[in-house]
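Quick notes on the structure that follows.
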Amino acid sequence: MPELPEVEIVKQSLAKKIQQKKIKKVIIKNRNLRFKIPLKFEKILQNKIIKKVTRFSKYLILNFSDGSFCLIHLGMSGTIHLIKKNNFNEFTNTSFYNFPNLPKKHNHIEIQFQDLKVVYNDPRRFGFFKFVKNKQELTDRFRHLGPEPFFKNFDLKYLLQYFINKKKDIKSFLLDQKFVSGIGNIYASEILFLSKIIPTRHAMKLSTDECKKIIFFSKSVLTKAIKKGGSSIRNFRNTSGQNGNFQKEFKVYQRENLNCPSVKCRGKIKKIYISNRSTFFCNTCQK
DNA sequence: AAGAGGCCCTGATAGC
DNA sequence: TGCTATCAGGGCCTCT
């Protein structure tokens with residue numbers, strides 16, 4: 001699920017529901033996420049008030065009123081579910097991002113509030129929760145990450161400078177969070193298609209004009225995806241909840257062997273692997 | 001330093 | 001039906 005747009009959608013829906021609320025209780029059913037959750041985690045979070053829910057790159061951040069934070073990363077398969085309490089004071093289904101119903105398995109973490117609870121589900125357990133003491137520690141934790149595509153410093157000068165003597169392919173750079181943070185495997189292919197650049201091109205060989213296109217389309221694709229509510233793909237279809245619609249707009253991702261969507265192009269969409277990640281492009285109009 | 005590749009984990013799907 | 005192999009939206013780590 002989660003590249004920057006999907007995390008942003010989760011952030012927005014979560015913020016509406018839990019900001020200004022006090023955590024009553026935290027229950028950990030499985031500590032073995034990407035990083036093992038320490039035993040003291042539940043106690044630390046208990047009674048904290050969530051001042052704000054924010055996001056940086058693909059990270060969700062619970063900002064507590066005492067200046068500490070909880071960092072949440074959804075990994076490959078993490079989803080967040082909001083469960084409301086009914087009139088009888090029982091937790092009932094449902095709502096949320098891309099599951100209308102709470103899955104039966106892999107609900108690892110519960111954060112309970114007075115009137116609702118937040119459930120973290122993650123079959124592959126590549127995601128994590130991490131308590132962060134203060135702003136300084138948060139800054140340190142993000143130090144290795146490059147700018148988001150939306151940031152002002154993700155500009156032409158930055159790209160040209162960064163790509164000097166870089167032989168690695170441009171697709172890998174779009175996935176490299178040290179270079180730019182927030183883009184994942186779906187949007188990387190989409191951005192390069194719109195920029196008319198073949199994903200295997202060495203970064204150092206990109207022209208000024210091509211770098212401008214990468215900057216422009218990185219912003220526009222992510223912005224559009226957020227407006228559409230993110231992308232819900234594979235089995236994450238839902239009937240009643242708020243699911244994303246951007247998957248309908250994919251130009252190349254998961255469209256192997258289909259015709260190129262460009263008006264004048266008669267090319268076909270190809271699938272290759274770059275660093276073990278599927279990569280889609282038009283074999284004709286991307287150069 | 002840069003770049004390639006392996007690995008963490010479960011589940012869905014394809015092919016035999 | 002049941003087996004096996006492959007692939008999945010991420011990112012960290014190690015090796016050369």
Side-chain angles (χ1 to χ4, degrees), chain A residues 1-10 29-37 55-60 71-80 97-99 103-108 120-130 140-146 148 161-192 199-205 221-222 225-226 228-237 243-250 252-257 271-280:
Chain A
M1 172 190 72
E3 299 185 34
L4 185 153
E6 291 72 36
V7 179
E8 174 64 22
I9 298 302
V10 174
K29 292 174 179 163
N30 187 348
R31 294 181 187 278
N32 299 307
L33 301 188
R34 160 123 223 177
F35 307 116
K36 187 149 190 155
I37 298 174
R55 177 195 60 72
F56 176 67
S57 182
K58 303 173 192 175
Y59 298 81
L60 279 171
L71 210 56
I72 303 173
H73 196 289
L74 304 175
M76 286 280 242
S77 57
T79 48
I80 285 182
Y97 179 48
N98 56 12
F99 277 100
K104 290 187 174 61
K105 293 169 74 177
H106 309 300
N107 295 316
H108 307 310
Y120 178 71
N121 182 281
D122 188 358
R124 295 177 74 179
R125 288 187 274 122
F126 288 170
F128 65 83
F129 277 55
K130 190 177 186 326
D140 289 346
R141 187 65 185 65
F142 289 150
R143 193 172 296 285
H144 68 291
L145 296 175
E148 288 187 2
Q161 179 68 35
Y162 203 97
F163 289 161
I164 291 173
N165 291 333
K166 295 290 202 302
K167 284 193 188 137
K168 202 164 58 167
D169 58 275
I170 181 60
K171 161 76 177 345
S172 296
F173 274 110
L174 292 182
L175 288 185
D176 182 350
Q177 308 295 301
K178 287 193 293 298
F179 165 60
V180 60
S181 63
I183 297 172
N185 203 41
I186 293 178
Y187 299 116
S189 280
E190 296 296 312
I191 290 163
L192 290 174
T200 49
R201 277 272 293 287
H202 290 345
M204 60 189 283
K205 298 270 180 68
V221 167
L222 297 188
I226 292 169
K228 294 272 176 181
S231 306
S232 310
I233 65 173
R234 331 201 93 72
N235 51 339
F236 290 126
R237 297 288 162 99
N243 58 336
N245 277 312
F246 192 75
Q247 67 278 6
K248 292 173 194 157
E249 319 262 335
F250 290 167
V252 291
Y253 188 79
Q254 283 193 337
R255 295 179 57 79
E256 191 183 7
N257 294 328
K271 178 184 187 180
I272 57 171
Y273 285 88
I274 298 178
S275 304
N276 271 326
R277 309 297 303 275
S278 61
T279 305
F280 299 84

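Naming: A, B, ... by sequence-line order, numbering from 1 per chain.
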Which part of the nucleic acid, if any, lies within reach of [X] when heavy atoms closer than 4.0 Å are counted: base, sugar-phosphate only, or nothing?
| X | result |
| --- | --- |
| A:F250 | nothing |
| A:Y59 | sugar-phosphate |
| A:S278 | sugar-phosphate |
| A:K178 | nothing |

Ignoring backbone atoms, test whether [X] places a side-chain nitrogen or oxygen under 4.0 Å from the OP1 or OP2 oxygen of [N].
| X | N | answer |
| --- | --- | --- |
| A:H106 | B:dG11 | yes |
| A:K168 | B:dA4 | no |
| A:H73 | C:dG10 | no |
| A:K167 | B:dA1 | no |
| A:Y187 | C:dG9 | no |
| A:K105 | B:dG11 | yes |

message = Any N or O donor-acceptor pair under 3.5 Å from the base of B:dC9 to the side chain of A:R125?
response = no
query = Could one point to a donor on the side chain of A:R277 or the base of C:dA8 with an acceptor on the other under 3.5 Å away?
reply =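 No pair found.
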Rounding to an integer number of Å, can you tell me how far [X] [atom1] sits from [N] [atom2]?
| X | N | atom1 | atom2 | answer |
| --- | --- | --- | --- | --- |
| A:I9 | C:dG9 | CD1 | C1' | 15 Å |
| A:R141 | C:dC12 | CZ | C1' | 10 Å |
| A:L33 | C:dC12 | CG | C1' | 15 Å |

task = Check whether any side-chain N or O of A:E148 sits under 3.5 Å from a backbone N or O of A:S57 as a donor-acceptor pair, and report yes or no.
result = yes
ask   = Is a donor on one side and an acceptor on the other found under 3.5 Å between the side chain of A:K205 and the backbone of A:R201?
value =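 No.
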query = Ring of A:F126 versus six-membered ring of B:dC8: centres under 5.5 Å and planes under 30°?
reply =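 The ring of A:F126 is stacked on B:dC8.
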request  = With P as the reference atom in both, quote the distance from C:dC7 to B:dG5 in angstrom, rounded to an integer.
outcome  = 15 Å
message = Roughly how many Å apart are C:dT6 and B:dG6, using the P atom of each and rounding to a whole number?
response =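 Going atom to atom, P in each nucleotide, I get 14 Å.
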task = Could you say whether A:N165 or A:N276 is positioned toward the 5' end of DNA chain B, judged by the nucleotide with the nearest heavy atom to each?
result =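 The answer here is A:N165.
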query = Does atom NZ of A:K228 have more than 12 heavy-atom neighbours from other groups under 6.0 Å away?
reply = no
Residues A:E3, A:I186; criterion side-chain contact (heavy atoms from CB on, under 4.5 Å); working and verdict = CA-CA 8 Å; A:E3 299 185 34; A:I186 293 178; 3.1 Å; yes
task = Taking the six-membered ring for Trp and the single ring otherwise, decide whether the centroids of A:Y187 and A:Y253 are under 6.0 Å apart.
result =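 For A:Y187 and A:Y253, the ring centres are not under 6.0 Å apart.
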